[in-house]
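Encoded as structure tokens, the structure appears first; notes follow it.
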Amino acid sequence: MGLRPSGAPAIMTTPTPAQTQPARGLHVITWGCQMNVYDSARMGDVLRPLGYQPVDAPDNADMIILNTCHIRDRAAEKVFSELGRLRLVKEARKACGQNTIIAVAGCVAQAEGQEILARAPYVDIVLGPQTYHRLPEMVARAARAGGAVIETDFPAEQKFDFLPDTQAPQTPGNYTAFLTIQEGCDKFCSFCVVPYTRGAESSRNVTSVLAEARRMAASGVRDISLLGQNVNAYHGEGPDGTIWNLAKLAYALAEIPGLSRIRYTTSHPRDMDGALIAAHRDLPQLMPFLHLPVQSGSDRILRAMNRGHTADEYRDIVRRLREARPDMALSSDFIVGHPGETDEDFEATMQLVRDIGFALAYSFKYSPRPGTPAAGAGMQVPEDVKDARLQALQHLLRTQQDAFNATLVGRSVPVLFTSRGRKPGQITGRSPWLQPIHVTGPESLIGQELCVHVTERLTNSLGGVLEERKVYA
Ligand code: SAH
Ligand code: SF4
Ligand code: F3S
């Protein structure tokens, strides 16, 4: 599974079908960021003791979970249209005497739970992201009462203290995994719903993070991505009773045998401190590829967005990161057309992009989110202006991405092989910078990290030939 910043275009995930005929089928549809992907896996873990096993089609499912995202656009409308489809599945199954529980989870559930129950009364469970550990109880209540169950309060207990151990990454063949270490956000950027849907910032304790990472490594995971809405604001309680920051956690994770690649996403520029930059200098396991959203290159707009830093401060962070780790490549998120953005502001964004040179980036048109400060602000930017700015920005970013990929051609790059390739006889892996790399080679190499001589740049990937030497020989 590729690593995408939170909020990148919606994706669907379907868990691997169980080997044996499942007692009860569970189908999970996931939209949104990696945290939702991780959460979907954890909901599967929670439901497994109740006999639920993944199935790959809703028609075979006794329970369907729609894990939703609210970050942009007509998120709620998309949910209702999917629910309309699931309603037909539920009715068809009912005609055959089969019951189907429909649950709506994630950020739309949190933001619009009541509305969902009003408009889609066939939904059985609505649950916010902080209540997944209570899912078995909700399933029981839904079955007993035969009415809808809604859980969108932010509970006092931390769900991580109640969730069972992760099961999904223990599946053989998973060499990459996500691990949520921090959730929620207290930063309240003008445009963003996350503080309202995910609640206040909170960090998981160090012991539980390290235990999960060790389990993952023992089951074969080599490349781990620590997740959080503000992952570098991590401040978890350590075994010694002190508070650990992300840098300290990274040094401890780097001690775990087998974990050769450590990543974290999404970071906020404000929390990119000296200790974390130094960790990039000291730890070869910390991958030289950082997703550091900047949103805009105009100080005026950054202020209006409540981002808490200037464009030059961002430039300075990048300079220090590259000093610490010369092969560091940057990825970012941008919003065009935030209320008040002028042509001059937009040009400042283009200039920042030219100055930094991004390896990858996601850019979006500003989308007013109900209840956020920017949605009610004056000086909304017309749609056609947003379109034109987005096109110009994406063109520049695409050129930079191609240029970055081209720099790897002719070089030797360590590749962690994760799967068969698309063509017969090929295997595919990921570089430290997350580009997929295809080579001709035996499937027995899947799971290994080997050097590849890159020979060609394809649209969104690279091709190469295997070298003799191992990465950490
Ligand atoms: N915590 C991260 C971002 C999480 S949201 C950070 O602070 O950078 C993921 C991305 O979605 C954001 O970086 C932003 O570029 C985009 N986004 C969020 N709200 C948006 C909105 N209302 N309109 C358009 N894009 C938005
Ligand atoms: Fe949203 Fe800003 Fe928090 Fe990121 S830091 S999740 S953009 S409020
Ligand atoms: Fe979307 Fe919620 Fe993630 S709004 S981006 S699923 S935190």
Side-chain angles (χ1 to χ4, degrees), residues 4-11 13 29-40 66-76 78-79 104-112 128-130 132 178 180 182-201 227-234 264-272 290-296 301-302 304-309 314 330-339 341 349 361-377 380-381 383 386 389-390 393-394 397:
R4 301 164 318 106
S6 27
I11 53 160
T13 53
I29 300 168
T30 309
W31 291 331
C33 61
Q34 294 103 330
M35 197 160 289
N36 266 10
V37 175
Y38 179 84
D39 285 343
S40 289
L66 187 53
N67 197 3
T68 60
C69 172
H70 206 220
I71 202 80
R72 279 177 297 273
D73 295 335
R74 291 171 290 276
K78 199 167 130 197
V79 171
V104 183
C107 292
V108 178
Q110 183 65 47
E112 309 206 12
Q130 302 310 325
Y132 296 155
F178 295 137
T180 295
Q182 181 277 339
E183 260 200 77
C185 181
D186 298 337
K187 292 201 166 63
F188 292 92
C189 299
S190 61
F191 52 82
C192 184
V193 287
V194 171
Y196 311 96
T197 62
R198 291 274 170 171
E201 208 175 285
L227 299 182
Q229 266 92 20
N230 278 281
V231 73
N232 58 342
Y234 178 81
Y264 53 92
T265 195
T266 295
S267 297
H268 195 293
R270 242 152 85 186
D271 297 311
M272 209 65 227
L290 185 66
H291 185 64
L292 193 62
V294 63
Q295 317 298 354
S296 168
I301 295 299
L302 286 168
M305 286 177 164
N306 192 30
R307 292 292 288 179
H309 65 85
Y314 186 87
L330 270 297
S331 132
S332 200
D333 291 346
F334 295 87
I335 296 178
V336 298
H338 183 275
E341 187 187 71
T349 299
Y362 299 85
S363 42
F364 313 100
K365 282 193 286 182
Y366 167 70
S367 160
R369 311 311 293 137
T372 58
Q380 297 285 330
V381 175
E383 217 46 37
K386 286 187 203 171
R389 288 181 189 164
L390 188 67
L393 177 61
Q394 289 189 336
L397 290 167

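Ligands are counted one by one from 1 in listed order, and the atoms in each one are counted from 1 as well. Counting begins at 1 with the first residue of the sequence.
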note = With sequence neighbours left out, the residues meeting ring pair (Phe, Tyr, Trp, His ring centres under 6.0 Å) with His338 are Tyr366
key: Pairwise side-chain contact, His309 with Val294, heavy-atom cut-off 4.5 Å (strictly under)   = yes
ask   = Quick one: which ligand 3 atoms are inside 4.0 Å of a heavy atom on Gln229?
value = 7 (S)
key: N, O or S from Cys185 under 2.8 Å to atom 2 (Fe) of ligand 2   = no
message = Does either side chain, that of Glu183 or that of Gln130, offer a donor lying less than 3.5 Å from an acceptor on the other one?
response = yes
remark   = At under 4.0 Å between heavy atoms, what of Asn230 touches ligand 2? The answer is side chain
key: Which of the ligand 2 atoms, numbered from 1, are nearer than 4.0 Å to a heavy atom of Pro195   = 8 (S)
ask   = Is the shortest heavy-atom distance from the side chain of Cys107 to the side chain of Cys69 under 4.5 Å?
value = no
query = Which of the atoms of ligand 1 are close to His268, meaning less than 4.0 Å from one of its heavy atoms?
reply = 7 (O)
message = Has Arg369 got a side-chain atom pairing as donor or acceptor with His70's backbone, closer than 3.5 angstrom?
response = yes
ask   = Atoms of ligand 2 less than 4.0 Å from Cys189 heavy atoms?
value = 2 (Fe), 5 (S), 7 (S), 8 (S)
key: For Val194, atoms of ligand 2 separated by under 4.0 Å from a heavy atom   = 6 (S)
ask   = Asn306 side chain to Phe188 main-chain N or O, any donor-acceptor pair under 3.5 Å?
value = yes
task = With heavy atoms of Cys107 as the reference, note each atom of ligand 3 found under 4.0 Å away.
result = 2 (Fe), 4 (S), 6 (S), 7 (S)
key: side chain to side chain contact (heavy atoms under 4.5 Å, CB included) evaluation trace for Leu397 with Tyr362   = CA-CA 9 Å; Leu397 290 167; Tyr362 299 85; over 6 Å; no
inquiry  = Tell me the contacting part of Met35 for ligand 3: side chain, backbone, both, or neither, using a 4.0 Å heavy-atom threshold, strictly below.
reply    = neither
ask   = If you measure every N/O of Asp333 against every N/O of ligand 1, is any gap under 3.5 Å?
value = yes
Atom 7 (S) of ligand 2: nearest protein contact (heavy atom, Å) = Arg307 NH1, 3.6 Å
From CA spacing to verdict: side chain to side chain contact (heavy atoms under 4.5 Å, CB included), Arg389, Thr349 = CA-CA 10 Å; Arg389 288 181 189 164; Thr349 299; over 6 Å; no
ask   = Which ligand 3 atoms, with their elements, are less than 4.0 angstrom from a heavy-atom of Cys69?
value = 1 (Fe), 4 (S), 5 (S), 6 (S)
ask   = Going through the checks in order, is the side chain to side chain contact (heavy atoms under 4.5 Å, CB included) test met by Leu227 and Thr265?
value = CA-CA 5 Å; Leu227 299 182; Thr265 195; 3.8 Å; yes
query = Below 4.0 angstrom, N of the basic side chain to O of the carboxylate: do Lys386 and Glu341 qualify?
reply = no
query = In ligand 1, which numbered atoms sit nearer than 4.0 Å to a non-hydrogen atom of Thr266?
reply = 2 (C)
task = Answer yes or no for His70: is there a heavy-atom contact with ligand 3 below 4.0 Å?
result = yes
request  = Of the side chain and backbone of Phe191, name the one, both, or neither that has a heavy atom under 4.0 Å from an atom of ligand 1.
outcome  = both
ask   = What part of His268 sits under 4.0 Å from ligand 2 if we count only heavy atoms: the side chain, the backbone, both or neither?
value = side chain
task = Look only at interatomic distance and state if Ser267 has a nitrogen or oxygen under 3.5 Å from any nitrogen or oxygen of ligand 1.
result = no
Residues which pass side chain to side chain contact (heavy atoms under 4.5 Å, CB included) with Ala105, listed by chain and number, not counting sequence neighbours = Met43, Ile65, Asn67, Leu127, Tyr132
request  = Please verify whether a non-hydrogen atom of Ile71 lies at under 4.0 Å from ligand 1.
outcome  = yes
Arg369 neighbourhood, listing ligand 1 atoms whose heavy-atom distance to it stays under 4.0 Å = 22 (N)
request  = With heavy atoms of Asn36 as the reference, note each atom of ligand 3 found under 4.0 Å away.
outcome  = 6 (S)
ask   = For atom 22 (N) of ligand 1, which candidate among Ala375, Pro368, Ser367, Ala374 provides the closest heavy atom?
value = Ser367
note = Closest heavy-atom pair, Pro293 versus Ser332, reported as atoms and distance to 0.1 Å, is CA-OG, 3.3 Å
query = Taking only heavy atoms of Phe191, which atoms of ligand 2 are found under 4.0 Å from at least one of them?
reply = 7 (S)
note = One finds that the ligand 1 atoms under 4.0 Å from a non-hydrogen atom of Gln229 are 1 (N), 2 (C)
request  = Given side-chain hydrogen bond (donor to acceptor under 3.5 Å, both in side chains), test Ser331 with His291 step by step and report yes or no.
outcome  = CA-CA 4 Å; Ser331 132; His291 185 64; 2.5 Å; yes
task = Could you tell me whether the side chain of Asn232 and the main chain of Ser267 form a donor-acceptor pair under 3.5 Å?
result = no
Minimum-distance protein heavy atom relative to atom 1 (Fe) of ligand 2 = Cys192 SG, 2.3 Å
key: Part of Arg307 within contact of ligand 1 (heavy atoms, under 4.0 Å)   = side chain
Numbering as shown, the atoms of ligand 1 that approach Lys365 to under 4.0 Å (heavy-atom distance) = 23 (N), 24 (C)
inquiry  = For Arg198, state whether at least one heavy atom is located under 4.0 Å from any atom of ligand 2.
reply    = no
